[in-house]
Amino acid sequence: MYAFPVSVDCGAFDSYADENSIVWIGDDDFFKNSQSEVVQLSNTASHVMSTLRVFTTLKKNCYPITADKGSLVLVRASFFYGNYDKRSSPPSFDLLFDGNHWATVKTSLDQLVYYEVMYVVKSDTTSICLAQTQPNQFPFISALEVRNLDSKMYGDVDPNYALFLRSRVAYGANTTVRFPVDSYDRIWVPARGGSGLLSVASDAILIDVANAPDNPPPEVLQNAITTSNTSASITLNPGFPDQDVSVYMNLYFSEVTELDATQKRSFNAYIDNIKSSEPIIPPYEAAKEVSANFTASANTSISLVSTTDSTLPPLINAMEVFFVSDRLADGTNSKDVEGLGELQNTFSVLQEYWSGDPCLPSPYTWERISCSNDAIPRLKLICVPDVFGSFRDLSSLDLSEPLPDFSSMDALVTIDLHNNSITGPIPDFLGALPNLKDLNLADNSFSGPIPQSISSNKKLKFVASGNPDLCVSGKSCQPTSTDGTVITSTPSGGRKKSNKLPVILGTTIPIFVFFWAIVGFLVHHKRRTAAIAAITAGKTGGANRPSVANTMTGQVGEAVINEIRVNIQDQTTSENGDQSVPQQ
């Protein structure tokens with residue numbers, strides 16, 4: 001897990017500092033179910049874009065980052081495809097944070113694209129995730145940056161909403177402004193503003209930004225754009241979508257020269273030709289910030305128009321435009337997050353497959369769990385059998401430690417952990433989960449007695465076959481089910497080897513020997529009887545009369561054979577009996 005602020009060069013192996021004194025770290029040791037790739041097309045903008053990390057296995061892959069609960073963070077994710085896979089087919093996929101949809105990423109063959117969001121963290125971690133949305137279009141990422149902002153910045157926005165960056169520009173600037181000039185590492189892109197506009201530079205040596213709540217760097221106020229006369233207005237075009245969106249906008253102003261008593265620069269901001277501000281008078285050697293929150297679409301216009309008493313035309317130094325998100329999700333219930341964390345801490349292999357919010361957003365719920373549809377979802381099912389394909393194409397998990405305490409997950413209805421190698425006693429809390437109806441622990445290595453909380457739970461269907469060392473009583477380890485019948489210790493199938501053969505051999509071989517001993521005795525007795533009968537017949541002349549002894553001996557032999565067959569059949573039935581232990 002990374003600690004913020006952090007700059008991750010995705011796909012890189014080492015750490016280094018770039019030309020902006022930003023220290024980048026690689027992520028090669030962080031993921032196992034991913035690949036590091038090198039781009040085929042060069043990007044001269046930054047060394048960071050020369051590698052990327054691509055995810056081809058899981059539907060949701062996340063970077064978890066430690067943060068301070070309640071802190072305001074800026075997160076920037078960058079993508080440079082660069083034809084790394086030699087297919088000339090830049091993919092599209094979803095970008096998520098903390099169980100919320102952020103953006104649908106549309107990458108370019110040879111152009112860098114990046115997405116930025118600001119939000120208040122609701123726990124002590126935040127997660128940035130990529131999710132596959134189309135077959136054979138695998139998510140990738142080139143760089144991930146997380147920055148900490150002052151908690152008072154962008155304070156006009158409800159903390160239950162996020163701000164998605166649409167545009168951040170420094171008008172009249174010649175170069176991009178970012179860290180270390182902007183201590184928060186916001187990227188200010190130079191802009192000219194369009195035809196009919198003039199770029200002007202400030203002659204102020206120092207510009208005080210203390211009165212601007214969102215702390216713009218003074219460098220973005222050292223230039224501006226303006227018009228040639230007061231009758232001309234400045235039209236701003238951030239590029240709004242066709243459908244209505246909620247917009248949050250910051251406009252920054254600073255006078256570029258010290259005005260004399262005869263000069264005055266005064267103007268208003270208009271949105272769709274409706275005046276939306278008091279007269280704006282830019283201060284010299286200082287900054288003024290004007291914010292607005294409104295609904296916009298492709299036809300929305302924003303303009304700066306001189307007031308009637310102004311002797312100078314309008315100007316603007318910098319602008320930020322954000323789209324406001326829907327209300328942020330509160331995430332999966334903290335009790336379930338806590339319980340899943342205990343499972344991940346015990347079975348480290350689960351950390352490779354489970355990351356981000358367990359239930360949200362709903363199309364990207366973790367593999368092998370299911371959740372309720374509540375605003376704050378609860379886990380209803382957890383199913384981690386050790387079978388090929390449990391996690392898409394991945395091989396078996398083979399969980400092999402004692403179960404931890406995940407009793408906080410009290411909304412669970414089904415727990416299926418069969419066919420692993422889980423050891424130790426069956427925890428007592430499992431039988432006390434108030435909503436649990438199905439518990440399958442078959443074919444593991446549990447030992448000791450079955451807890452009373454399970455054996456006395458009449459509403460619970462409990463399966464525990466295939467655990468040779470499991471028993472009800474601590475004094476006697478004869479494997480016994482909760483209803484008094486024998487729990488067969490043979491696996492119900494799958495990975496583990498059956499132990500039926502020794503049982504069958506142990507019962508069949510003695511019967512086999514006994515059977516042939518009886519046959520030998522009967523043959524010997526028959527011959528002896530026949531000899532006696534021959535002697536008797538010779539004396540009486542009754543050689544063709546059937547012997548009573550022969551008839552009785554044949555009946556006895558058939559009776560013994562039939563009894564042996566019945567015993568063998570009974571033994572086989574006992575060996576193949578029901579392996580589950582349903583509670584009535």
Side-chain angles (χ1 to χ4, degrees), residues 5 7 9 16-24 39 41-50 74-80 82 108 110-116 118 142-147 149 153 165-209 212 214-227 234-239 249-257 282 284-289 304 314-322:
S7 302
D9 184 351
Y16 60 92
D18 68 7
E19 62 277 8
N20 295 311
S21 301
I22 297 173
V23 177
W24 295 86
V39 300
L41 303 176
S42 63
N43 181 289
T44 58
S46 174
H47 168 71
V48 179
M49 297 300 122
S50 62
L74 177 154
V75 180
R76 186 164 47 243
S78 301
F79 308 89
F80 179 64
S108 168
D110 56 1
Q111 297 296 314
L112 166 67
V113 296
Y114 68 89
Y115 298 78
E116 184 182 300
M118 294 188 296
S142 302
L144 179 63
E145 303 164 84
V146 183
R147 306 289 185 255
L149 302 178
M153 294 171 64
L165 179 67
R166 177 63 187 93
S167 176
R168 183 184 290 117
V169 296
Y171 287 112
N174 295 315
T175 59
T176 298
V177 175
R178 66 173 303 180
F179 184 86
V181 174
D182 187 329
S183 59
Y184 303 104
D185 197 24
R186 292 168 292 188
I187 296 177
W188 303 80
V189 179
R192 295 296 175 180
S195 62
L197 297 176
L198 306 175
S199 295
V200 291
S202 174
D203 58 20
I205 298 175
L206 296 174
I207 298 177
D208 184 5
V209 297
D214 295 323
N215 300 330
E219 285 76 5
V220 304
L221 301 174
Q222 290 177 341
N223 296 278
I225 57 172
T226 185
T227 63
I234 297 176
T235 299
L236 306 175
N237 183 19
M249 180 177 68
N250 283 339
L251 304 178
Y252 300 95
F253 307 96
S254 180
E255 184 56 71
V256 294
T257 190
Y284 180 62
E285 295 183 331
K288 182 177 181 63
E289 177 178 339
L304 304 175
L315 65 71
I316 182 171
N317 303 75
M319 177 179 71
E320 293 179 291
V321 178
F322 304 92

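Keep in mind that this is a model prediction, so the values were computed, not measured.
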Exercise. Roughly how far, to the nearest 0.5 Å, is CG of Leu165 from CZ of Arg186?
Worked result: 11.0 Å
For this session: Apply side chain to side chain contact (heavy atoms under 4.5 Å, CB included) to Ile187 and Tyr114, showing your working.
Result: CA-CA 11 Å; Ile187 296 177; Tyr114 68 89; 3.9 Å; yes
Exercise. Taking atom CG of Leu149 and atom CG of Asp185, what is their separation to the nearest 0.5 Å?
Worked result: 10.0 Å
Problem set entry | Ser254 side chain vs Ala286 backbone, donor-acceptor pair below 3.5 Å | yes
Exercise. Would you say the side-chain atoms of Thr226 pair up with the backbone N or O of Pro314, donor to acceptor, closer than 3.5 Å?
Worked result: yes
Exercise. Do Val48 and Ser78 have side-chain heavy atoms sitting under 4.5 Å apart?
Worked result: no
Exercise. Is any side-chain heavy atom of Leu74 less than 4.5 Å from a side-chain heavy atom of Glu116?
Worked result: yes
Problem set entry | Closest heavy-atom pair and its distance - Glu255, Ser202 | O-OG, 4.0 Å
For this session: Check the pair Asp203 / Val256 against side chain to side chain contact (heavy atoms under 4.5 Å, CB included), numbers first and verdict last.
Result: CA-CA 6 Å; Asp203 58 20; Val256 294; over 6 Å; no
Exercise. Below 4.5 Å, heavy atoms only, C-beta onward: do Ser199 and Ile225 meet side chain to side chain?
Worked result: yes
Problem set entry | Shortest non-hydrogen contact from Phe179 toward Ser21 | CE2-O, 4.0 Å
Seminar exercise, completed: Minimal heavy-atom distance between Met49 and Phe80, with the atoms involved, is O-CD2, 3.5 Å
Exercise. Checking Asn317 side chain against Leu221 main chain: does a donor-acceptor pair fall under 3.5 Å?
Worked result: yes
Exercise. According to the interplanar angle, ranging from 0 to 90°, do the rings of Tyr16 and Trp24 count as parallel (below 30°), tilted (30 to 60°) or perpendicular (above 60°)?
Worked result: parallel
Problem set entry | Separation of Arg168 CZ from Arg178 CZ (nearest 0.5 Å) | 10.5 Å
Problem set entry | Nearest heavy atoms of Val209 and Pro216, plus distance in Å | CG1-O, 3.4 Å
For this session: Please check if the side chain of Asn20 supplies one atom and the backbone of Ile22 the other of a donor-acceptor pair under 3.5 Å.
Result: no
Problem set entry | From CD1 (Ile316) to CG (Leu236), nearest 0.5 Å | 5.0 Å
For this session: Specify the closest pair of heavy atoms between Arg147 and Pro5, including all atoms of both residues, with the distance to one decimal.
Result: CA-CB, 4.3 Å
Exercise. Between the side chain of Ser167 and the main-chain N/O of Pro238, is any donor-acceptor distance below 3.5 Å?
Worked result: no
Problem set entry | Donor-acceptor under 3.5 Å (Glu219 side chain, Val177 main chain) | no
